[in-house]
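Take a look at the structure set out below.
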Protein chains: 2
Amino acid sequence: MNIQFNNRDPVYVQVVRYFKNQIAKGFLEPGQAIPSRRELANQLKINPNTAQRAYKEMEEEGLIKTEKNQPSRVTSDENVLQDLRDELIVQAVSEFVSSVKSINVSLDEALNLVKQKYEKGDSDD
Amino acid sequence: MNIQFNNRDPVYVQVVRYFKNQIAKGFLEPGQAIPSRRELANQLKINPNTAQRAYKEMEEEGLIKTEKNQPSRVTSDENVLQDLRDELIVQAVSEFVSSVKSINVSLDEALNLVKQKYEKGDSDD
DNA sequence: ATCGGTGTATTAAGCGATTAATACATATTT
DNA sequence: AAATATGTATTAATCGCTTAATACACCGAT
C-alpha cells in the first residue's frame with residue numbers, strides 16, 4: 001500500500017483511482033478484504049472521512065461491498081470487474097482519439113506514436 | 001466562433017484549448033488577427049477578464065503576440081506553432097499510454113481499440 | 001456490560017481558484 | 001480635444017469542493 005499523492009487532484013479521487021487500478025490489474029481479487037476506513041486513513045496519513053469518501057464512491061459504483069461489521073470486500077461480481085476494466089479502457093481510448101482527431105493527427109501517425117511510447121515506456125506500474 | 005462550454009473546466013482553460021486546437025489545425029494562421037478581449041467576451045458571453053486571462057496564458061506561451069493598440073495576432077514563429085502541435089500530441093499519447101499500461105492493456109489491444117475508435121469515430125471537429 | 005473496533009451521517013471549516021468589478025494608460029478617430 | 005476602443009493591472013467577491021470534526025448505531029470480544 002503506497003500511493004504517491006499529487007496535490008493536483010483531490011485525495012479521495014486518487015485513492016479511488018489507486019484501488020481501481022489495483023482491481024483492474026487483478027492485484028485485488030474478487031471477494032478480497034480491504035482495510036477499514038480508519039486503518040486506511042492511518043496508513044496513508046489521511047483523514048478517516050476522506051477514506052470514507054473514497055470507499056463510498058467505490059461502493060456506489062459497485063466495486064466494493066460492505067456488510068455490517070465486516071471488512072469491505074472487493075465485489076465478487078465478475079461482470080462489474082470486467083466492466084470496470086472496460087470502462088477504464090474505453091475512457092482512455094475516447095479521450096485519446098478525441099484529442100488527436102481535434103488536431104488532425106492521422107490514424108497511422110497516432111498508432112505509431114502509441115507504439116513507440118508504449119515500447120520505450122518508463123514503466124510506472 | 002462557437003465554443004461548447006462544459007461546466008467542468010474553467011472557462012478560460014476551455015477558451016485556451018479552443019484556440020490551441022484552431023491553431024494546431026491551421027484554421028488560425030500565423031500572423032492572423034484574433035478578436036479583442038472585449039469583443040471575444042461579447043461573442044462568447046463571458047466576462048472580459050476571463051477573455052483576458054485566456055489571452056494572457058497564450059501570450060505567455062508565445063502563441064499570440066500583442067502590440068499596443070493592435071489586435072493580438074497568432075505568432076508568426078513557425079517553431080512555436082510546430083511545437084504546439086507536438087506538445088498536444090505528446091501529451092495525449094503520454095496520458096493514454098500511461099493509462100492503459102496501468103491496467104495492463106497490451107500494446108496490440110490498445111492499438112486495435114484506437115484504430116476502431118478512430119475509424120468509427122463520431123467526428124467532433 | 002464494557003470496551004474497542006467498525007460503518008455511516010451531518011455539519012462546519014477551510015481553502016483555492018475562478019470570475020467579476022473597477023480603474024488606468026494609451027492610441028486612433030472623429 | 002473628446003470619444004471610443006484597446007490592453008493591462010489590482011483588488012474583491014463568489015463559489016464549489018475537499019477535508020475535517022463530531023456524533024451515532026452496531027457488533028464482537030474481553
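Protein chains get the first letters and strands the later ones, always in sequence-line order, with residue 1 at the start of each.
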Send over the distance from [X] [atom1] to [N] [atom2], rounded to a whole Å.
X       : N      : atom1 : atom2 : result
B:Glu39 : D:dT6  : CD    : P     : 7 Å
A:Tyr55 : C:dT6  : OH    : P     : 11 Å
A:Arg8  : D:dT18 : CZ    : C1'   : 16 Å
A:Gln14 : D:dT18 : CD    : P     : 12 Å
B:Arg73 : D:dG7  : CZ    : P     : 12 Å
B:Glu60 : D:dT8  : CD    : P     : 11 Å
A:Asn6  : D:dT18 : CG    : P     : 13 Å
B:Lys56 : D:dA9  : NZ    : P     : 6 Å

Does B:Ser36 put a side-chain nitrogen or oxygen below 4.0 Å from OP1 or OP2 of D:dT6? yes
Looking at B:Thr66, I'd like to know whether one of its side-chain N or O atoms comes within less than 4.0 Å of OP1 or OP2 on D:dG7. no
Produce a footprint string for nucleotides 15-20 of chain C: one letter per nucleotide, 5' end first; B if the base is under 4.0 Å from any protein heavy atom, S if only the sugar-phosphate is, - if neither. ---SBB
Indicate for each nucleotide in nucleotides 25-30 of chain D, in 5' to 3' sequence, whether protein heavy atoms under 4.0 Å reach the base (B), only the sugar-phosphate (S), or nothing (-). -SSS--
Quick one: ring pair (Phe, Tyr, Trp, His ring centres under 6.0 Å) partners of B:Phe19, sequence neighbours excluded? B:Tyr55
Single-linkage hydrophobic cluster A:Tyr12~A:Leu88, side-chain heavy atoms < 4.5 angstrom: no
Linked, directly or transitively: B:Ile3 and B:Val11 (ILVMFWY side chains, under 4.5 Å): yes
A:Arg17 and B:Ser102: side chain donor to acceptor below 3.5 Å: no
Check whether the side chains of B:Glu39 and B:Gln43 place a donor and an acceptor atom closer than 3.5 Å, and report yes or no. yes
With side chain to side chain contact (heavy atoms under 4.5 Å, CB included) as the criterion, how do B:Val15 and B:Leu40 come out once you've worked through the C-alpha distance, each side chain's angles and the decisive distance to 0.1 Å? CA-CA 10 Å; B:Val15 172; B:Leu40 182 76; 4.2 Å; yes
Does the pair A:Arg73/A:Glu67 count as a salt bridge with the N-to-O cut at 4.0 Å? no
Applying salt bridge (Lys or Arg N to Asp or Glu O under 4.0 Å), run through B:Lys65 and B:Glu59 and close with a yes or a no. CA-CA 6 Å; B:Lys65 295 293 176 186; B:Glu59 187 90 36; 5.6 Å; no
Considering residues, nucleotides and ligands other than B:Glu119, do more than 12 of their heavy atoms fall under 6.0 Å from its CD? yes
Taking atom types as they are modelled, is there a donor-acceptor pair under 3.5 Å from the base of C:dG5 to the side chain of A:Arg38? no
